[in-house]
Each structure stands twice: as C-alpha cells, then as structure tokens.
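Take a look at the structure set out below.
Residue numbers start at 1 and run along the sequence shown. Just so we're clear, the structure is a prediction, and the values are computed from it rather than from any experiment.
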Amino acid sequence: PVNFIVKPVNREKVEKVLKKTIALLEEERGVFVYKSGHYNISVYLADIQYFESVLRKVRIVTSTRYEEYYGTMSDLVAMNLRNFIQIHRSYLINATQIKEYNYTAVIMKNGAKLAISQNKRSEVIEALTKITLSKLKES
C-alpha cells in the first residue's frame with residue numbers, strides 16, 4: 001500500500017495519492033517524465049546521458065537525440081535520481097554513461113566532454129568512486 005484514503009473521500013485526496021503512486025512506479029521502472037506543451041513524455045533514465053540547464057530550459061541528452069522542456073536544474077537535483085551526479089551548476093550526468101573521467105572533466109559515452117566545476121570536484125570524484133566500488137561488488 002502506498003497510502004490510505006480516509007472517508008469521506010474527495011477528489012483532491014485521490015489525485016494526490018494517485019500522483020504519488022505513479023511517481024513511485026516511474027522511479028522504480030527508471031523512467032523520467034516531463035511535460036512538453038500539453039503532453040507528458042517519458043524517457044528511460046538508462047538512455048539519458050545527461051541533463052543540461054540552458055537558460056530557462058532543461059535539455060535531456062541521450063546517445064541519439066536531445067529534447068528540451070521548461071524546468072530548472074534545482075528541481076532535477078531535488079528528485080535525487082539514482083546514479084545521477086551534478087558535476088556543474090548546468091550539468092546533471094548519468095554516472096553509468098561515463099566513458100572516462102579525470103579531476104576536471106568527464107567524457108560521456110556519446111563523446112561529449114563536460115567540465116567538472118571546481119567547487120564540485122571532490123564531491124564528484126567521491127561519488128564516482130562509490131559507484132565504481134558498488135559495481136565491482138555486484139560483479
């Protein structure tokens with residue numbers, strides 16, 4: 001059970017519980033949903049290389065294309081997406097899509113080279129090390 005709805009039941013309570021349930025299911029399946037115009041669009045998290053903040057939009061970059069929607073990087077970071085690390089105020093990367101990295105930059109599997117901001121370097125290297133160690137333990 002996700003939540004209980006106490007009688008008397010009203011529309012707002014049901015909508016709130018349904019939205020929470022849908023969000024939990026999408027997170028479990030590894031789907032990112034965003035709104036573009038009047039449509040809700042889903043993208044598998046595993047397909048996303050990185051998110052990039054460009055002015056008032058967020059660009060979703062995959063290995064084959066990119067899409068944009070109106071949003072903020074702070075909203076994305078607050079979602080605490082599994083395996084995603086903020087390396088710069090403009091970039092939230094999928095750690096599973098990193099080809100190589102060093103102290104100043106990461107190179108993604110699609111070939112994009114993204115800078116790690118100076119104030120995020122130690123945090124990023126620590127997070128990447130933890131992810132690498134957890135992958136080794138799973139093997």
Kindly check if the number of other-residue, nucleotide or ligand heavy atoms within 6.0 Å of [atom1] ([X]) is above 12?
X	atom1	answer
K99	NZ	no
K130	NZ	no
Y69	OH	yes
K35	NZ	yes

Please give me the minimum heavy-atom distance between [X] and [Y], naming the atom from each residue.
X	Y	value
L128	A95	CD2-CB, 4.0 Å
I125	N102	CD1-O, 3.8 Å
R121	I116	NE-O, 3.5 Å
K109	I98	CE-O, 4.2 Å
A115	H88	O-CB, 3.8 Å
M108	Y50	CG-CD2, 4.1 Å

Cation-pi check, R56 onto Y70 ring (under 6.0 Å, within 45° of axis):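 No - R56 does not lie over the ring of Y70 by the 6.0 Å and 45° rule.
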
Distance (rounded to the nearest 0.5 Å) between [X] [atom1] and [Y] [atom2]:
X	Y	atom1	atom2	value
L76	E52	CG	CD	12.0 Å
L92	I85	CG	CD1	8.5 Å
K113	E100	NZ	CD	9.0 Å
E68	Y34	CD	OH	9.5 Å

Establish whether V124 and Y103 are linked, either directly or via other cluster members, by ILVMFWY side-chain heavy-atom contacts under 4.5 Å.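 Both belong to a single hydrophobic cluster.
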
Among the clusters formed by ILVMFWY side chains lying less than 4.5 Å apart, do M79 and V77 turn up in the same one?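 Yes: a chain of side-chain contacts under 4.5 Å links M79 to V77.
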
Determine whether a donor-acceptor pair (N or O, by modelled atom type, separation under 3.5 Å) exists between the side chain of [X] and the backbone of [Y].
X	Y	result
Q49	N110	yes
N94	D47	no
Q97	A46	yes
S36	Y39	no

What do the steps show when you test Q86 against M73 for side chain to side chain contact (heavy atoms under 4.5 Å, CB included), and what is the final call? CA-CA 9 Å; Q86 186 174 19; M73 186 59 67; 3.6 Å; yes

Under the side chain to side chain contact (heavy atoms under 4.5 Å, CB included) rule, what do I93 and L114 come out as? Steps first, then yes or no, please. CA-CA 9 Å; I93 64 166; L114 307 173; 3.7 Å; yes

Go through the steps to decide whether I41 and E67 satisfy the test side chain to side chain contact (heavy atoms under 4.5 Å, CB included), and finish with yes or no. CA-CA 10 Å; I41 302 171; E67 301 169 20; 4.1 Å; yes

Do R11 and E15 sit within salt-bridge range, that is, some charged N less than 4.0 Å from a carboxylate O?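 Salt bridge flag = yes for E15 with R11.
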
Given L45 and V31, is the side chain to side chain contact (heavy atoms under 4.5 Å, CB included) satisfied, shown in steps? CA-CA 5 Å; L45 288 173; V31 175; over 6 Å; no

Only counting residues at least two apart or in another chain, list the ones meeting ring pair (Phe, Tyr, Trp, His ring centres under 6.0 Å) with F51.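 F51 satisfies ring pair (Phe, Tyr, Trp, His ring centres under 6.0 Å) with F32, F84 once adjacent residues are dropped.
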
By side-chain contact (heavy atoms from CB on, under 4.5 Å), which residues pair with L18, not counting sequence neighbours?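 Partners of L18 by the side-chain contact (heavy atoms from CB on, under 4.5 Å) criterion, ordered by chain and then number, come out as V14.
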
